[in-house]
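For the numbers below, each heavy atom of this structure counts, side chains included, while hydrogens, waters and symmetry mates do not. So you know, we letter chains A, B, ... as the sequences are listed, proteins then strands, and number each from 1. These numbers come from a predicted model, not from an experiment.
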Number of protein chains: 2
Amino acid sequence: MADKTIIRVLIADDHNVVREGIAGFLRAFDDFSLIGEASNGKEAVMLVAELKPDVVLMDLVMPIMDGVAATQAIRQAHPTTQVIILTSFHDEDSVQKGLQAGAIGYLLKNASIHDMANAIRAAHQGKATLAPEAAQALISARIRPPAPNFNLKDREIEVLTLMVKGMNNPDIAEHLSLSRSTIKFYVSSILSKLNVETRTEAVAIAIDQGLVSRE
Amino acid sequence: MADKTIIRVLIADDHNVVREGIAGFLRAFDDFSLIGEASNGKEAVMLVAELKPDVVLMDLVMPIMDGVAATQAIRQAHPTTQVIILTSFHDEDSVQKGLQAGAIGYLLKNASIHDMANAIRAAHQGKATLAPEAAQALISARIRPPAPNFNLKDREIEVLTLMVKGMNNPDIAEHLSLSRSTIKFYVSSILSKLNVETRTEAVAIAIDQGLVSRE
DNA sequence: CCACGCACTAGCCAAGTGGCTAATCCATAT
DNA sequence: ATATGGATTAGCCACTTGGCTAGTGCGTGG
(Lines give C-alpha, C1' and ligand atoms only; values in the text may rest on other atoms or scores of the structure.)
Protein backbone atom coordinates (compact mmCIF):
# COMPACT_ATOMS: atom_id res chain seq x y z
CA MET A 1 0.00 0.00 0.00
CA ALA A 2 2.09 2.89 -1.21
CA ASP A 3 0.26 5.59 0.64
CA LYS A 4 2.55 8.52 0.86
CA THR A 5 0.20 10.58 3.00
CA ILE A 6 1.62 11.13 6.42
CA ILE A 7 -0.59 10.16 9.30
CA ARG A 8 -0.47 12.60 12.18
CA VAL A 9 -0.54 10.72 15.45
CA LEU A 10 -1.06 11.82 19.05
CA ILE A 11 -0.27 9.70 22.09
CA ALA A 12 -2.20 9.82 25.34
CA ASP A 13 -0.66 7.81 28.14
CA ASP A 14 0.32 8.70 31.67
CA HIS A 15 3.52 6.67 31.66
CA ASN A 16 6.59 8.31 30.26
CA VAL A 17 8.16 5.03 29.31
CA VAL A 18 5.15 3.97 27.32
CA ARG A 19 5.04 7.25 25.45
CA GLU A 20 8.74 6.94 24.83
CA GLY A 21 8.35 3.45 23.49
CA ILE A 22 5.52 4.29 21.17
CA ALA A 23 7.26 7.43 20.00
CA GLY A 24 10.29 5.37 19.09
CA PHE A 25 8.23 2.88 17.20
CA LEU A 26 6.42 5.62 15.29
CA ARG A 27 9.70 7.19 14.24
CA ALA A 28 10.64 3.93 12.58
CA PHE A 29 7.93 4.47 9.98
CA ASP A 30 8.06 7.25 7.48
CA ASP A 31 4.30 7.52 7.08
CA PHE A 32 3.70 8.41 10.71
CA SER A 33 4.34 11.71 12.37
CA LEU A 34 4.08 12.04 16.12
CA ILE A 35 2.65 15.49 16.63
CA GLY A 36 1.88 15.50 20.32
CA GLU A 37 1.83 13.67 23.62
CA ALA A 38 -0.67 13.91 26.45
CA SER A 39 -0.26 12.44 29.92
CA ASN A 40 -3.95 12.40 30.78
CA GLY A 41 -7.34 12.49 29.13
CA LYS A 42 -7.99 16.16 29.64
CA GLU A 43 -4.70 17.08 28.08
CA ALA A 44 -5.47 14.77 25.18
CA VAL A 45 -8.77 16.46 24.51
CA MET A 46 -7.15 19.87 24.51
CA LEU A 47 -4.27 18.80 22.30
CA VAL A 48 -6.63 17.22 19.81
CA ALA A 49 -8.56 20.46 19.57
CA GLU A 50 -5.34 22.29 18.94
CA LEU A 51 -3.44 19.89 16.70
CA LYS A 52 -6.22 17.98 14.93
CA PRO A 53 -4.34 14.70 14.65
CA ASP A 54 -5.54 11.94 12.35
CA VAL A 55 -5.20 9.22 14.93
CA VAL A 56 -4.95 9.17 18.72
CA LEU A 57 -3.39 6.26 20.58
CA MET A 58 -5.28 6.34 23.85
CA ASP A 59 -4.54 4.62 27.12
CA LEU A 60 -7.56 3.81 29.23
CA VAL A 61 -6.24 4.25 32.73
CA MET A 62 -5.14 7.81 33.26
CA PRO A 63 -5.47 10.39 36.01
CA ILE A 64 -7.78 13.40 35.89
CA MET A 65 -9.78 12.13 32.90
CA ASP A 66 -9.73 8.52 31.79
CA GLY A 67 -9.39 7.27 28.26
CA VAL A 68 -13.04 6.47 27.80
CA ALA A 69 -14.19 9.95 28.71
CA ALA A 70 -11.47 11.49 26.59
CA THR A 71 -12.35 9.30 23.62
CA GLN A 72 -15.95 10.27 23.92
CA ALA A 73 -15.13 13.96 24.07
CA ILE A 74 -12.74 13.76 21.15
CA ARG A 75 -15.02 11.77 18.90
CA GLN A 76 -17.86 14.12 19.64
CA ALA A 77 -15.94 17.29 18.96
CA HIS A 78 -13.70 16.01 16.16
CA PRO A 79 -15.31 13.14 14.28
CA THR A 80 -12.48 13.06 11.77
CA THR A 81 -9.96 12.18 14.44
CA GLN A 82 -9.90 8.44 14.98
CA VAL A 83 -9.09 6.95 18.35
CA ILE A 84 -7.36 3.66 18.97
CA ILE A 85 -7.46 2.33 22.48
CA LEU A 86 -4.04 1.03 23.44
CA THR A 87 -4.06 -0.57 26.83
CA SER A 88 -3.03 -3.60 28.79
CA PHE A 89 -6.51 -4.48 29.96
CA HIS A 90 -8.72 -6.63 27.87
CA ASP A 91 -11.66 -7.36 30.09
CA GLU A 92 -15.03 -7.29 28.40
CA ASP A 93 -16.05 -4.17 30.13
CA SER A 94 -13.12 -2.08 28.99
CA VAL A 95 -13.50 -3.18 25.41
CA GLN A 96 -17.17 -2.47 25.58
CA LYS A 97 -16.77 0.98 27.00
CA GLY A 98 -13.88 1.94 24.79
CA LEU A 99 -15.72 1.10 21.59
CA GLN A 100 -18.93 2.56 22.91
CA ALA A 101 -17.06 5.79 23.46
CA GLY A 102 -16.26 5.85 19.77
CA ALA A 103 -12.86 4.21 19.43
CA ILE A 104 -12.28 2.51 16.11
CA GLY A 105 -9.59 0.18 17.32
CA TYR A 106 -8.63 -1.69 20.45
CA LEU A 107 -5.08 -2.96 20.79
CA LEU A 108 -3.15 -4.44 23.64
CA LYS A 109 0.22 -3.04 24.55
CA ASN A 110 1.83 -6.33 23.72
CA ALA A 111 0.79 -5.94 20.11
CA SER A 112 3.58 -6.23 17.58
CA ILE A 113 5.03 -3.18 15.88
CA HIS A 114 3.59 -4.51 12.69
CA ASP A 115 0.08 -4.84 14.08
CA MET A 116 0.20 -1.40 15.61
CA ALA A 117 1.30 0.21 12.38
CA ASN A 118 -1.43 -1.57 10.46
CA ALA A 119 -4.01 -0.57 13.01
CA ILE A 120 -3.03 3.07 12.73
CA ARG A 121 -3.22 2.97 8.95
CA ALA A 122 -6.55 1.15 9.09
CA ALA A 123 -7.94 3.65 11.57
CA HIS A 124 -6.86 6.47 9.32
CA GLN A 125 -9.00 4.93 6.60
CA GLY A 126 -11.90 4.49 8.97
CA LYS A 127 -11.40 0.75 9.28
CA ALA A 128 -11.59 -1.03 12.60
CA THR A 129 -8.90 -3.16 14.13
CA LEU A 130 -9.42 -5.28 17.19
CA ALA A 131 -6.87 -7.31 19.05
CA PRO A 132 -7.93 -10.96 19.14
CA GLU A 133 -8.56 -10.63 22.86
CA ALA A 134 -10.80 -7.66 22.27
CA ALA A 135 -12.67 -9.44 19.52
CA GLN A 136 -13.11 -12.33 21.88
CA ALA A 137 -14.50 -10.02 24.53
CA LEU A 138 -16.96 -8.53 22.09
CA ILE A 139 -18.09 -11.89 20.88
CA SER A 140 -18.49 -13.45 24.26
CA ALA A 141 -20.33 -10.39 25.47
CA ARG A 142 -22.73 -10.88 22.63
CA ILE A 143 -23.07 -14.58 23.15
CA ARG A 144 -25.10 -14.57 26.29
CA PRO A 145 -24.56 -17.31 28.82
CA PRO A 146 -26.36 -20.18 27.11
CA ALA A 147 -29.87 -18.89 27.59
CA PRO A 148 -30.97 -19.88 31.07
CA ASN A 149 -34.10 -21.54 29.86
CA PHE A 150 -35.91 -21.46 33.19
CA ASN A 151 -37.46 -24.78 32.19
CA LEU A 152 -40.27 -23.08 30.38
CA LYS A 153 -42.43 -25.41 28.35
CA ASP A 154 -43.32 -24.66 24.76
CA ARG A 155 -46.75 -23.34 25.55
CA GLU A 156 -45.32 -21.15 28.26
CA ILE A 157 -42.77 -19.63 25.94
CA GLU A 158 -45.54 -19.05 23.45
CA VAL A 159 -47.56 -17.20 26.06
CA LEU A 160 -44.54 -15.32 27.34
CA THR A 161 -43.81 -14.14 23.83
CA LEU A 162 -47.26 -12.64 23.55
CA MET A 163 -46.96 -11.11 27.00
CA VAL A 164 -43.80 -9.40 25.86
CA LYS A 165 -45.69 -7.92 22.96
CA GLY A 166 -47.97 -6.27 25.45
CA MET A 167 -51.01 -8.47 25.01
CA ASN A 168 -53.30 -9.03 27.96
CA ASN A 169 -54.81 -12.34 28.94
CA PRO A 170 -58.02 -12.09 26.90
CA ASP A 171 -56.05 -11.14 23.82
CA ILE A 172 -53.61 -13.98 24.30
CA ALA A 173 -56.49 -16.37 24.83
CA GLU A 174 -58.08 -15.36 21.57
CA HIS A 175 -54.77 -15.43 19.75
CA LEU A 176 -54.06 -18.98 20.83
CA SER A 177 -57.68 -20.13 20.73
CA LEU A 178 -57.63 -21.01 24.38
CA SER A 179 -59.72 -19.81 27.27
CA ARG A 180 -58.76 -16.95 29.52
CA SER A 181 -58.55 -19.38 32.36
CA THR A 182 -55.93 -21.39 30.58
CA ILE A 183 -53.89 -18.33 29.84
CA LYS A 184 -54.07 -17.32 33.47
CA PHE A 185 -52.89 -20.78 34.34
CA TYR A 186 -49.87 -20.46 32.08
CA VAL A 187 -49.09 -16.97 33.23
CA SER A 188 -49.10 -18.12 36.82
CA SER A 189 -46.83 -20.96 35.92
CA ILE A 190 -44.45 -18.60 34.14
CA LEU A 191 -44.40 -16.21 37.07
CA SER A 192 -43.60 -19.01 39.42
CA LYS A 193 -40.82 -20.38 37.23
CA LEU A 194 -39.25 -16.97 36.78
CA ASN A 195 -39.69 -16.42 40.48
CA VAL A 196 -41.53 -13.12 40.15
CA GLU A 197 -44.94 -11.83 41.12
CA THR A 198 -46.14 -9.73 38.23
CA ARG A 199 -46.28 -10.10 34.49
CA THR A 200 -44.34 -6.90 34.15
CA GLU A 201 -41.38 -8.42 35.96
CA ALA A 202 -41.69 -11.54 33.89
CA VAL A 203 -41.57 -9.52 30.69
CA ALA A 204 -38.63 -7.54 31.99
CA ILE A 205 -36.66 -10.71 32.62
CA ALA A 206 -37.73 -12.27 29.36
CA ILE A 207 -36.40 -9.34 27.36
CA ASP A 208 -33.38 -8.80 29.50
CA GLN A 209 -32.28 -12.42 29.30
CA GLY A 210 -33.22 -12.73 25.69
CA LEU A 211 -35.69 -15.50 26.46
CA VAL A 212 -37.93 -14.20 23.75
CA SER A 213 -37.58 -11.33 21.32
CA ARG A 214 -39.90 -8.41 20.88
CA GLU A 215 -41.87 -8.10 17.64
CA MET B 1 5.14 -20.47 17.18
CA ALA B 2 6.75 -23.82 16.72
CA ASP B 3 3.57 -25.80 17.02
CA LYS B 4 4.14 -29.13 15.35
CA THR B 5 0.61 -30.29 16.03
CA ILE B 6 -1.32 -30.74 12.84
CA ILE B 7 -4.62 -28.94 12.66
CA ARG B 8 -7.33 -31.01 11.05
CA VAL B 9 -9.50 -28.81 8.87
CA LEU B 10 -12.83 -29.34 7.18
CA ILE B 11 -14.27 -27.13 4.44
CA ALA B 12 -17.96 -26.43 3.94
CA ASP B 13 -18.79 -24.52 0.78
CA ASP B 14 -21.14 -25.21 -2.07
CA HIS B 15 -18.79 -23.98 -4.77
CA ASN B 16 -16.27 -26.42 -6.10
CA VAL B 17 -13.87 -23.71 -7.11
CA VAL B 18 -13.84 -22.22 -3.65
CA ARG B 19 -13.21 -25.57 -2.04
CA GLU B 20 -10.48 -26.20 -4.57
CA GLY B 21 -8.88 -22.89 -3.82
CA ILE B 22 -8.93 -23.32 -0.10
CA ALA B 23 -7.71 -26.88 -0.37
CA GLY B 24 -4.75 -25.71 -2.40
CA PHE B 25 -3.93 -23.04 0.10
CA LEU B 26 -4.15 -25.47 2.99
CA ARG B 27 -1.76 -27.85 1.30
CA ALA B 28 0.83 -25.10 1.21
CA PHE B 29 1.15 -25.31 4.99
CA ASP B 30 2.52 -28.32 6.75
CA ASP B 31 0.58 -27.76 9.95
CA PHE B 32 -2.81 -28.08 8.26
CA SER B 33 -4.47 -31.22 7.10
CA LEU B 34 -7.63 -31.05 5.01
CA ILE B 35 -9.64 -34.03 6.19
CA GLY B 36 -12.96 -33.43 4.48
CA GLU B 37 -15.14 -31.27 2.31
CA ALA B 38 -18.85 -30.61 2.51
CA SER B 39 -20.98 -28.91 -0.09
CA ASN B 40 -23.80 -27.93 2.23
CA GLY B 41 -24.52 -27.43 5.93
CA LYS B 42 -26.14 -30.77 6.51
CA GLU B 43 -23.20 -32.60 5.02
CA ALA B 44 -20.88 -30.50 7.15
CA VAL B 45 -22.66 -31.46 10.33
CA MET B 46 -22.49 -35.13 9.46
CA LEU B 47 -18.86 -35.00 8.44
CA VAL B 48 -17.94 -33.21 11.65
CA ALA B 49 -19.63 -35.92 13.66
CA GLU B 50 -17.66 -38.52 11.76
CA LEU B 51 -14.27 -36.87 11.39
CA LYS B 52 -14.06 -34.59 14.43
CA PRO B 53 -12.01 -31.87 12.76
CA ASP B 54 -10.29 -29.20 14.80
CA VAL B 55 -11.48 -26.34 12.65
CA VAL B 56 -14.27 -25.94 10.12
CA LEU B 57 -14.15 -23.26 7.42
CA MET B 58 -17.80 -22.54 6.88
CA ASP B 59 -19.51 -20.67 4.10
CA LEU B 60 -22.75 -18.95 5.05
CA VAL B 61 -24.80 -19.29 1.91
CA MET B 62 -25.38 -22.93 1.12
CA PRO B 63 -28.32 -25.04 -0.03
CA ILE B 64 -30.25 -27.45 2.20
CA MET B 65 -28.79 -26.09 5.43
CA ASP B 66 -27.08 -22.75 5.69
CA GLY B 67 -23.85 -22.01 7.46
CA VAL B 68 -25.44 -20.45 10.50
CA ALA B 69 -27.61 -23.45 11.23
CA ALA B 70 -24.73 -25.80 10.59
CA THR B 71 -22.44 -23.81 12.86
CA GLN B 72 -25.00 -23.91 15.58
CA ALA B 73 -25.48 -27.64 15.27
CA ILE B 74 -21.76 -28.32 15.18
CA ARG B 75 -20.90 -26.10 18.13
CA GLN B 76 -23.66 -27.68 20.15
CA ALA B 77 -22.74 -31.26 19.41
CA HIS B 78 -18.96 -30.84 19.28
CA PRO B 79 -17.78 -27.92 21.38
CA THR B 80 -14.16 -28.77 20.71
CA THR B 81 -14.55 -28.18 16.99
CA GLN B 82 -14.09 -24.52 16.18
CA VAL B 83 -15.90 -22.89 13.30
CA ILE B 84 -14.61 -20.01 11.21
CA ILE B 85 -17.10 -18.30 8.97
CA LEU B 86 -15.54 -17.71 5.58
CA THR B 87 -17.82 -15.78 3.32
CA SER B 88 -18.07 -12.85 0.98
CA PHE B 89 -20.83 -11.09 2.86
CA HIS B 90 -20.01 -8.75 5.64
CA ASP B 91 -23.28 -7.12 6.48
CA GLU B 92 -23.94 -6.62 10.16
CA ASP B 93 -26.61 -9.22 10.26
CA SER B 94 -24.48 -12.02 8.90
CA VAL B 95 -21.64 -11.27 11.27
CA GLN B 96 -24.08 -11.12 14.12
CA LYS B 97 -25.75 -14.39 13.31
CA GLY B 98 -22.56 -16.22 12.53
CA LEU B 99 -20.96 -15.35 15.81
CA GLN B 100 -24.18 -15.88 17.68
CA ALA B 101 -24.26 -19.35 16.24
CA GLY B 102 -20.93 -20.04 17.88
CA ALA B 103 -18.31 -19.25 15.27
CA ILE B 104 -15.01 -18.12 16.69
CA GLY B 105 -13.85 -16.34 13.57
CA TYR B 106 -15.28 -14.39 10.69
CA LEU B 107 -13.20 -13.91 7.59
CA LEU B 108 -13.94 -12.60 4.15
CA LYS B 109 -12.98 -14.63 1.12
CA ASN B 110 -10.64 -11.91 0.02
CA ALA B 111 -8.52 -12.46 3.10
CA SER B 112 -4.87 -13.09 2.49
CA ILE B 113 -3.38 -16.56 2.74
CA HIS B 114 -1.46 -15.32 5.68
CA ASP B 115 -4.53 -14.03 7.51
CA MET B 116 -6.41 -17.21 6.88
CA ALA B 117 -3.64 -19.38 8.19
CA ASN B 118 -3.33 -17.28 11.28
CA ALA B 119 -7.06 -17.36 11.83
CA ILE B 120 -7.10 -21.14 11.65
CA ARG B 121 -4.24 -21.42 14.13
CA ALA B 122 -5.89 -18.90 16.42
CA ALA B 123 -9.21 -20.71 16.25
CA HIS B 124 -7.47 -23.95 17.12
CA GLN B 125 -6.26 -22.28 20.28
CA GLY B 126 -9.70 -20.92 21.00
CA LYS B 127 -8.79 -17.40 20.02
CA ALA B 128 -11.06 -15.24 17.93
CA THR B 129 -10.19 -13.61 14.64
CA LEU B 130 -12.38 -11.09 12.92
CA ALA B 131 -11.89 -9.49 9.56
CA PRO B 132 -11.76 -5.71 9.93
CA GLU B 133 -15.10 -5.45 8.16
CA ALA B 134 -16.62 -7.91 10.60
CA ALA B 135 -15.17 -6.06 13.56
CA GLN B 136 -16.61 -2.90 12.13
CA ALA B 137 -20.00 -4.53 11.83
CA LEU B 138 -19.87 -5.70 15.42
CA ILE B 139 -18.84 -2.32 16.68
CA SER B 140 -21.39 -0.35 14.78
CA ALA B 141 -24.07 -2.78 15.83
CA ARG B 142 -23.11 -2.16 19.39
CA ILE B 143 -23.19 1.59 19.04
CA ARG B 144 -26.90 2.03 19.10
CA PRO B 145 -28.46 5.09 17.59
CA PRO B 146 -28.16 7.48 20.50
CA ALA B 147 -31.07 6.27 22.60
CA PRO B 148 -34.32 7.85 21.44
CA ASN B 149 -35.15 9.61 24.66
CA PHE B 150 -38.90 9.83 24.12
CA ASN B 151 -38.79 13.23 25.84
CA LEU B 152 -39.21 11.69 29.23
CA LYS B 153 -38.75 14.09 32.09
CA ASP B 154 -36.50 13.31 35.02
CA ARG B 155 -39.32 12.28 37.29
CA GLU B 156 -40.75 10.08 34.60
CA ILE B 157 -37.47 8.31 34.05
CA GLU B 158 -37.22 7.86 37.78
CA VAL B 159 -40.64 6.25 37.88
CA LEU B 160 -39.97 4.19 34.77
CA THR B 161 -36.82 2.85 36.37
CA LEU B 162 -38.80 1.60 39.33
CA MET B 163 -41.47 0.17 37.07
CA VAL B 164 -38.77 -1.81 35.30
CA LYS B 165 -37.71 -3.24 38.62
CA GLY B 166 -41.19 -4.63 38.98
CA MET B 167 -42.51 -2.22 41.58
CA ASN B 168 -46.19 -1.40 41.59
CA ASN B 169 -47.65 2.04 42.08
CA PRO B 170 -48.01 1.97 45.86
CA ASP B 171 -44.43 0.76 46.21
CA ILE B 172 -43.14 3.43 43.90
CA ALA B 173 -45.13 6.06 45.77
CA GLU B 174 -43.58 5.05 49.04
CA HIS B 175 -40.13 4.82 47.52
CA LEU B 176 -40.31 8.35 46.16
CA SER B 177 -42.32 9.75 49.05
CA LEU B 178 -45.16 10.74 46.77
CA SER B 179 -48.80 9.78 46.72
CA ARG B 180 -50.22 6.94 44.67
CA SER B 181 -52.16 9.45 42.68
CA THR B 182 -49.02 11.20 41.63
CA ILE B 183 -47.40 7.99 40.57
CA LYS B 184 -50.45 7.10 38.54
CA PHE B 185 -50.21 10.48 36.92
CA TYR B 186 -46.59 9.87 35.94
CA VAL B 187 -47.27 6.38 34.75
CA SER B 188 -50.05 7.65 32.54
CA SER B 189 -47.76 10.27 31.18
CA ILE B 190 -45.09 7.68 30.44
CA LEU B 191 -47.56 5.39 28.72
CA SER B 192 -48.72 8.21 26.56
CA LYS B 193 -45.22 9.29 25.62
CA LEU B 194 -44.17 5.76 24.77
CA ASN B 195 -47.41 5.38 22.90
CA VAL B 196 -48.50 2.24 24.70
CA GLU B 197 -51.42 1.22 26.86
CA THR B 198 -50.00 -0.87 29.65
CA ARG B 199 -47.09 -0.63 32.01
CA THR B 200 -45.88 -3.98 30.81
CA GLU B 201 -45.41 -2.63 27.30
CA ALA B 202 -43.72 0.44 28.68
CA VAL B 203 -41.26 -1.69 30.61
CA ALA B 204 -40.65 -3.84 27.55
CA ILE B 205 -39.74 -0.81 25.49
CA ALA B 206 -37.68 0.71 28.25
CA ILE B 207 -35.51 -2.37 28.53
CA ASP B 208 -35.41 -3.06 24.83
CA GLN B 209 -34.34 0.45 23.94
CA GLY B 210 -32.02 0.74 26.88
CA LEU B 211 -33.94 3.71 28.24
CA VAL B 212 -33.20 2.49 31.72
CA SER B 213 -31.24 -0.46 32.99
CA ARG B 214 -32.48 -3.19 35.24
CA GLU B 215 -31.05 -2.97 38.78
C1' DC C 1 -60.43 -51.27 33.73
C1' DC C 2 -58.40 -47.72 36.51
C1' DA C 3 -55.17 -44.65 38.35
C1' DC C 4 -52.12 -41.12 37.15
C1' DG C 5 -50.46 -37.15 34.96
C1' DC C 6 -51.11 -33.53 31.61
C1' DA C 7 -53.48 -29.92 29.09
C1' DC C 8 -57.17 -27.20 29.58
C1' DT C 9 -61.41 -24.77 31.66
C1' DA C 10 -64.62 -22.21 35.21
C1' DG C 11 -65.45 -19.02 38.66
C1' DC C 12 -64.47 -16.26 42.96
C1' DC C 13 -62.03 -12.60 45.12
C1' DA C 14 -58.78 -9.10 46.66
C1' DA C 15 -55.65 -6.11 44.72
C1' DG C 16 -53.63 -3.43 41.09
C1' DT C 17 -54.23 -0.67 36.81
C1' DG C 18 -55.34 3.14 33.86
C1' DG C 19 -58.60 6.78 32.15
C1' DC C 20 -61.03 10.78 33.96
C1' DT C 21 -62.29 14.89 36.43
C1' DA C 22 -61.19 18.14 39.81
C1' DA C 23 -58.49 20.47 43.11
C1' DT C 24 -54.36 22.54 45.60
C1' DC C 25 -49.78 24.71 46.07
C1' DC C 26 -46.28 27.48 44.20
C1' DA C 27 -43.26 29.95 41.17
C1' DT C 28 -42.78 32.76 37.33
C1' DA C 29 -44.58 35.86 33.75
C1' DT C 30 -47.44 39.91 32.92
C1' DA D 1 -52.14 41.50 41.69
C1' DT D 2 -53.30 38.38 38.36
C1' DA D 3 -52.64 34.85 35.20
C1' DT D 4 -50.47 30.91 33.47
C1' DG D 5 -48.42 26.61 34.05
C1' DG D 6 -45.91 22.78 36.42
C1' DA D 7 -46.00 19.48 40.21
C1' DT D 8 -48.76 17.16 43.20
C1' DT D 9 -52.98 15.00 45.26
C1' DA D 10 -57.96 12.83 45.72
C1' DG D 11 -61.45 9.94 44.25
C1' DC D 12 -64.44 7.30 40.92
C1' DC D 13 -64.98 3.53 37.80
C1' DA D 14 -64.37 -0.23 34.55
C1' DC D 15 -61.15 -3.54 33.67
C1' DT D 16 -57.14 -6.62 34.39
C1' DT D 17 -54.37 -9.43 37.28
C1' DG D 18 -52.96 -13.25 39.96
C1' DG D 19 -53.91 -16.63 43.73
C1' DC D 20 -57.12 -20.38 44.72
C1' DT D 21 -60.16 -24.14 44.42
C1' DA D 22 -62.42 -27.26 41.58
C1' DG D 23 -63.16 -29.39 37.98
C1' DT D 24 -63.17 -32.07 32.69
C1' DG D 25 -61.31 -34.74 28.94
C1' DC D 26 -57.43 -37.73 27.24
C1' DG D 27 -53.70 -40.79 26.76
C1' DT D 28 -50.32 -44.09 29.07
C1' DG D 29 -49.00 -47.70 31.98
C1' DG D 30 -50.23 -51.18 35.25
Side-chain angles (χ1 to χ4, degrees), chain A residues 146-215, chain B residues 146-215:
Chain A
N149 252 28
F150 282 104
N151 298 320
L152 293 179
K153 292 184 286 217
D154 287 352
R155 258 311 197 215
E156 290 166 350
I157 292 191
E158 209 167 350
V159 170
L160 183 54
T161 303
L162 298 176
M163 286 166 65
V164 164
K165 289 186 186 172
M167 292 174 76
N168 60 19
N169 292 345
D171 290 345
I172 297 176
E174 189 176 4
H175 195 275
L176 295 182
S177 299
L178 290 175
S179 78
R180 294 151 199 224
S181 298
T182 307
I183 303 305
K184 285 180 61 175
F185 172 80
Y186 286 128
V187 171
S188 290
S189 173
I190 292 169
L191 297 185
S192 128
K193 287 187 180 177
L194 297 195
N195 198 31
V196 295
E197 314 231 291
T198 68
R199 71 167 44 212
T200 300
E201 288 176 273
V203 165
I205 291 180
I207 296 178
D208 202 49
Q209 310 278 302
L211 283 183
V212 303
S213 64
R214 294 212 322 134
E215 81 252 274
Chain B
N149 252 27
F150 281 104
N151 298 320
L152 292 179
K153 290 183 288 211
D154 286 354
R155 261 304 200 222
E156 290 166 348
I157 292 192
E158 209 168 350
V159 171
L160 183 54
T161 303
L162 299 176
M163 287 165 65
V164 164
K165 290 186 185 173
M167 292 174 75
N168 58 21
N169 292 344
D171 289 345
I172 296 176
E174 189 176 5
H175 195 277
L176 295 182
S177 300
L178 292 174
S179 78
R180 294 151 200 224
S181 298
T182 306
I183 302 305
K184 284 179 61 175
F185 172 81
Y186 285 129
V187 171
S188 290
S189 172
I190 293 170
L191 297 187
S192 130
K193 287 187 180 177
L194 298 195
N195 198 33
V196 294
E197 314 233 290
T198 69
R199 70 166 47 212
T200 300
E201 288 175 273
V203 166
I205 290 179
I207 296 179
D208 201 49
Q209 309 279 304
L211 282 183
V212 303
S213 62
R214 296 212 322 134
E215 74 255 271

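For C/dG18, one of the phosphate oxygens OP1 or OP2 lies less than 4.0 angstrom from a side-chain nitrogen or oxygen of B/Arg199. For C/dT9, neither phosphate oxygen OP1 nor OP2 lies less than 4.0 angstrom from any side-chain nitrogen or oxygen of A/Ser181. Put simply, A/Ser179 has a side-chain N or O that comes within less than 4.0 Å of OP1 or OP2 on C/dA10.
With values rounded to the nearest 0.5 angstrom, A/Lys153 atom NZ is found 14.0 Å from A/Leu160 atom CG. Once rounded to the nearest 0.5 Å, the distance linking CD1 of A/Ile183 with CG of A/Leu178 reads 5.0 Å. Rounded to the nearest 0.5 angstrom, B/Lys184 NZ and B/Thr182 OG1 are separated by 11.0 Å.
In this structure, A/Glu156 places its CD atom 15 Å from C1' of D/dG18, rounding to the nearest Å. The interatomic distance linking B/Arg180 (CZ) with D/dA10 (P) rounds to 9 Å, in whole Å. Atom pair A/Glu201:CD and C/dG16:P shows a separation of 13 Å (rounding to whole Å applied). If you take CG of B/Leu176 and C1' of D/dT9, they are 15 Å apart, rounded to a whole angstrom. We find that CG of B/Leu178 is positioned 14 Å from C1' of D/dG6, with the value rounded to whole Å. Between B/Ile183 atom CD1 and C/dG19 atom C1' there is a gap of 17 Å when expressed in whole angstrom units.
A heavy-atom distance below 4.5 Å is found between the side chains of A/Val187 and A/Val159. Side-chain contact between B/Leu162 and B/Leu176 is present, with heavy atoms from C-beta onward closer than 4.5 Å.
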- Please test B/Glu158 against B/Asp154 for side chain to side chain contact (heavy atoms under 4.5 Å, CB included), starting from the C-alpha separation and ending with a verdict. CA-CA 6 Å; B/Glu158 209 168 350; B/Asp154 286 354; 5.5 Å; no

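No donor-acceptor distance shorter than 3.5 angstrom exists from the side chain of B/Ser189 to the backbone of B/Phe185, with no hydrogens or angles considered.
For B/Val203 against A/Ala204, the heavy-atom pair with the smallest separation is CG1-CB, 4.0 Å.
A heavy atom lying under 4.0 Å from DNA chain C marks none of the residues of residues 161-175 of chain A.
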Mind listing the side-chain donor-acceptor pairs of residues 191-202 of chain A below 3.5 Å, one per line with the distance, residues two or more places apart or on another chain?
from     : atom 1 : to       : atom 2 : distance (Å)
A/Lys193 : NZ     : A/Asn151 : O      : 2.9
A/Lys193 : NZ     : A/Glu156 : OE1    : 2.9
A/Lys193 : NZ     : A/Glu156 : OE2    : 3.4
A/Thr198 : OG1    : A/Glu201 : N      : 3.2
A/Thr198 : OG1    : A/Glu201 : OE1    : 3.3
A/Arg199 : NH1    : A/Met167 : O      : 3.1
A/Arg199 : NH2    : A/Asn169 : OD1    : 2.2
A/Thr200 : OG1    : B/Thr200 : OG1    : 3.0
A/Glu201 : OE1    : A/Glu197 : N      : 3.3
A/Glu201 : OE1    : A/Thr198 : N      : 3.4

N/O to N/O distances under 3.5 Å, protein versus nucleotides 19-23 of chain D:
from   : atom 1 : to       : atom 2 : distance (Å)
D/dG19 : OP2    : A/Ser188 : OG     : 3.0
D/dG19 : O6     : A/Lys184 : NZ     : 2.6

